[in-house]
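Heads up: the structure comes next, in structure tokens.
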Amino acid sequence: MKIATYNVNGINARLPVLLDWLEQESPDVVCLQELKAPDEKIPKHEIARSGYNAIWHGQKRWNGVAILAKEQLEIKEVGRGLEGEPEDEQSRYLEAIINDIVIGCLYLPNGNPAPGPKFDYKLRWFDRLAKKAKQLLDQDVPVILTGDYNVMPTEKDVYKPERWVDDALFRPETRKAFHDLSAQGWTDAIRKLYPDETIYTFWDYFRNAFGRNAGLRIDHFLLSPHLVPKLKNAGVDKHVRGWEKSSDHAPVWIELEKE
DNA sequence: ATGACCCTTTATAAGGGA
């Protein structure tokens, strides 16, 4: 079973790239972030025509997350949004059960400029996610928490770490929040398989960042303990970042052994 | 230090992204 995550940076602007990638790589489950579209503008017919069921939590202009699964797989939605801040209207979390696995699709706030109210919101959102994550671990079921975490967990995950120390994606508070979340008992799938390799999932549109491989690793898969022995492979579809009209992120994927 | 680029909008300049 192949599960992918992809920050599309506008699902309508990205539709041709998304459909081409789905056809080429044929992932079983896909978590999308940054739809940048309200529910009524999600291209649901095009997605269905490509052979995928989908649920989505859209929002006008910004944010927005969706979960796709091949049409023979049932998607049972079990949650949208995180508890703890009822006034929060940003669409950043969607949760479903597919093939008896809980899939949490998340788009963590960017948090810049830091310090400031946006950074405070990021850290609060991290805290709310950590509470959700702990609840899921306590249920003792297979869980995947995947998406755009907007965190480079270590210096290995940044092309020039010294330039990013004051950035919301790399500040000590942010890295500590990711570390503390992981320490609940989650496994970073990419680092489990490739502990020392330089692996990026995002390259800025500016300054020929992709051509220079000046990237960041900010899209992650966290696996609950049940799933770690089933992890067979993982990777980044880096070539998609080089396609015409691509997102600034590339798709990231894992393969789990079948039951 | 700044801005480069891309996406969105009851758009046509500005906010957000990372």
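Given the structure is predicted, the values throughout are model-derived calculations rather than measurements. Letters A, B, ... mirror the listed sequences (proteins, then strands); counts begin at 1.
- To the nearest whole angstrom, the two P atoms, one in dG16(B) and one in dA1(B), are 22 Å apart.
- Nucleotides dT2(B) and dC6(B), compared at atom P, are 22 Å apart to the nearest Å.
- Taking only side-chain nitrogens and oxygens, Asn110(A) comes nearer than 4.0 Å to OP1 or OP2 of dA18(B).
- Judged by atom type and distance alone, Asp167(A) does not reach the base of dA18(B) through any side-chain donor-acceptor pair under 3.5 Å.
- Atom-to-atom, CG of Leu108(A) to P of dA18(B) comes out at 10 Å; the value is rounded to the nearest Å.
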Using the 3.5 Å cut-off, write out each protein N or O paired with an N or O of nucleotides 1-4 of chain B and the distance between them.
| from | atom 1 | to | atom 2 | distance (Å) |
| --- | --- | --- | --- | --- |
| dA4(B) | N1 | Arg207(A) | NH1 | 2.9 |

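- A salt bridge links Arg124(A) with Glu85(A): at least one charged nitrogen is closer than 4.0 Å to a carboxylate oxygen.
- Within the 4.0 Å cut-off from OP1 or OP2 of dA18(B), at least one side-chain nitrogen or oxygen of His249(A) is found.
- Between Ile101(A) and Ile103(A) the shortest side-chain heavy-atom distance falls below 4.5 Å.
- Note on Arg61(A): every side-chain N or O is 4.0 Å or more away from OP1 and OP2 of dC7(B).
- Between dT10(B) and Lys60(A), a contact under 4.0 Å exists linking OP1 or OP2 to a side-chain N or O.
- For the pair Trp62(A) CH2 and dA11(B) P, the interatomic distance rounds to 15 Å; values are reported in whole Å.
- With both ends at atom P, the span from dG3(B) to dT8(B) equals 24 Å, rounded to whole Å.
- dT10(B) and dG15(B) have their P atoms separated by 15 Å, with the value rounded to a whole Å.
- Remark: P of dT8(B) and CD of Gln33(A) are 16 Å apart, rounded to the nearest angstrom.
- The aromatic rings of Phe178(A) and His220(A) sit tilted, their planes meeting at an angle between 30° and 60°.
- Among the nucleotides dT8(B), dC7(B), dG15(B), the one closest to the side chain of Lys245(A) is dC7(B).
- Here dT9(B) presents its P atom at 11 Å from CD of Gln59(A), a figure rounded to the nearest Å.
- Among the heavy atoms of the strands lying under 4.0 Å from Tyr107(A) are primed sugar atoms or P, OP1, OP2 only; no base atom is included.
- For the pair Asp138(A) and Lys134(A), the salt-bridge criterion is met [side-chain N within less than 4.0 Å of a carboxylate O].
- When rounded to the nearest whole Å, the span between CZ of Arg241(A) and C1' of dA18(B) equals 12 Å.
- As judged by a 4.0 angstrom heavy-atom cut-off over every strand, Lys118(A) is placed among residues touching the sugar-phosphate backbone only.
- A salt bridge (Lys or Arg N to Asp or Glu O under 4.0 Å) check over residues 38-62 of chain A, counting only residues at least two apart or in different chains, returns nothing.
- Glu40(A) has its CD atom 11 Å from the P atom of dT10(B), to the nearest Å.
- Here dT9(B) presents its P atom at 10 Å from NZ of Lys36(A), a figure rounded to the nearest Å.
- Using a 4.0 Å heavy-atom cutoff across all strands shown, Asn9(A) reaches sugar-phosphate atoms only and no base atom.
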Self-check item: ring-ring contact (aromatic ring centres under 6.0 Å, His included) evaluation trace for Trp21(A) with Tyr6(A)
Solution: CA-CA 10 Å; Trp21(A) 169 71; Tyr6(A) 187 19; 5.4 Å; yes
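- Nucleotides dA14(B) and dA4(B), compared at atom P, are 14 Å apart to the nearest Å.
- No donor-acceptor distance shorter than 3.5 angstrom exists from the side chain of Lys118(A) to the backbone of Pro109(A), with no hydrogens or angles considered.
- Heavy-atom nearest nucleotides on DNA chain B were determined for Lys41(A) and for Met152(A), and the one closer to the 5' end corresponds to Lys41(A).
- With respect to Asp20(A) and Lys245(A), no salt bridge is recorded, no charged nitrogen being found less than 4.0 Å from a carboxylate O.
- Ion pairing between Asp248(A) and Arg241(A) fails under the 4.0 Å rule for side-chain N and carboxylate O.
- Nucleic acid contact for Asp148(A): sugar-phosphate only, since backbone atoms but no base atoms lie under 4.0 Å from a heavy atom of the residue.
- Among the protein residues, Asn7(A) comes within range of the sugar-phosphate backbone only, with heavy atoms under 4.0 Å from sugar or phosphate atoms but none that close to a base.
- Rounded to whole Å, atom P of dC7(B) lies 5 Å from atom OH of Tyr205(A).
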